[in-house]
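Please read the structure below before turning to the comments.
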Amino acid sequence: MWNKQAATPTRLLAALSLLAIAGWLPSGAIFTGPEARAQSTASDAPAQTAATTETLTLAADDRYVVINVEVARTPTEREKGLMNRSTLPEDRGMLFLWEQPTQVTMWMRNTPISLDMIFIRPDGVIHKIAANTVPFSEDLIPSNGKVLAVLEVRGGLTRKIGLRAGHRVHHRVFDGPD
């Protein structure tokens, strides 16, 4: 499980190192881009694991939370997202990335668990959070602005850690190369 206490930079680096050594488990959930609704043909198929897993850090005021994320980069990976997954540990999620900032629209089709959707600008600042989304809902959840990524985590996690719009997400995509 993930450490709910505030992490110092040294503790954060130690935690990241341990996570890098450990194997990653797939998480589960949803998604679609603005055009994907019409293209969604494989939505009833079993979930597949995204191509890669990585870590990122949510920075909420003085608290840092490390999340292991599957990274969905291709249209097929983004379309499939976390559909048909019945569990999602608190320290797991899926990061949907686009090549350039764009308006995106998500949904909960074929997703049996509630999620928090974190819409992230190119600089890593959180633009918007859609908390506790409704399982199986096909209601559209728009970004309401251009974003580079959407992070999906277990429903209720953002409230639990005090994460809100204006806070940051640290990942090599937003922070640049090390």
Side-chain angles (χ1 to χ4, degrees), residues 1-31 49-73 77-78 81-82 85-102 104 106 108 111 113-133 141 143-178:
M1 292 302 290
W2 121 105
N3 184 354
K4 296 184 272 187
Q5 299 177 350
T8 64
T10 302
R11 292 175 70 192
L12 181 59
L13 288 174
L16 289 173
S17 297
L18 289 173
L19 292 172
I21 294 169
W24 312 116
L25 297 175
S27 56
I30 54 166
F31 157 78
T49 301
T52 61
T53 56
E54 301 176 11
T55 60
L56 59 75
T57 304
L58 303 174
D61 293 325
D62 60 347
R63 174 181 259 182
Y64 298 91
V65 177
V66 176
I67 303 288
N68 298 316
V69 294
E70 296 176 56
V71 180
R73 289 183 174 87
E77 291 170 340
R78 290 192 299 256
L82 298 172
R85 300 197 195 176
S86 59
T87 62
L88 182 63
E90 282 190 334
D91 64 343
R92 309 290 181 194
M94 181 169 277
L95 182 65
F96 299 85
L97 294 175
W98 283 267
E99 293 77 26
Q100 60 187 8
T102 188
V104 300
M106 309 294 278
M108 292 292 289
T111 306
I113 55 175
S114 179
L115 300 169
D116 288 351
M117 296 179 182
I118 303 166
F119 297 83
I120 309 164
R121 298 187 328 215
D123 60 359
V125 173
I126 297 172
H127 171 72
K128 171 186 173 182
I129 296 174
N132 296 308
T133 57
I141 304 167
S143 62
N144 295 333
K146 291 185 177 183
V147 296
L148 187 61
V150 177
L151 172 64
E152 293 180 338
V153 295
R154 181 193 280 187
L157 179 64
T158 57
R159 182 173 186 213
K160 184 176 182 178
I161 65 173
L163 193 71
R164 63 182 181 276
H167 282 162
R168 287 187 149 295
V169 176
H170 295 280
H171 181 268
R172 63 178 177 73
V173 169
F174 313 118
D175 299 336
D178 292 332

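Keep in mind the model is a prediction, meaning the values are calculated, not measured.
- Atom NE2 of H127 sits about 6.0 Å away from atom CG of N144, to the nearest 0.5 Å.
- Taken from CG in L148 to CD1 in I120, the straight-line distance is 8.5 Å, to the nearest 0.5 Å.
- Residues forming a side-chain contact (heavy atoms from CB on, under 4.5 Å) with S143 (at least two apart in sequence, or on another chain): Q103, V104, F119, V147.
- Between the CD1 atom in I161 and the CD atom in E90 there is a gap of 9.5 Å [rounded to 0.5 Å].
- Closest heavy-atom contact between R63 and K160: NH1-O, 3.5 Å.
- Atom OG1 of residue T53 and atom CG of residue L95 lie 12.0 Å apart, to the nearest 0.5 angstrom.
- With sequence neighbours left out, the side chain to side chain donor-acceptor pair (under 3.5 Å) criterion links R121 to D123.
- Looking at residues two or more places apart in sequence or on another chain, you find a side-chain contact (heavy atoms from CB on, under 4.5 Å) between R164 and D61, H167.
- With sequence neighbours left out, H170 forms a side chain to side chain donor-acceptor pair (under 3.5 Å) with D175.
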side-chain contact (heavy atoms from CB on, under 4.5 Å) assessment of D116 paired with N132: CA-CA 5 Å; D116 288 351; N132 296 308; 3.9 Å; yes
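- Rounded to the nearest 0.5 Å, atoms OG1 (T133) and CD (E152) are 7.5 Å apart.
- For R78 (side chain) and A72 (main-chain N/O), no donor-acceptor pair under 3.5 Å exists by modelled atom type.
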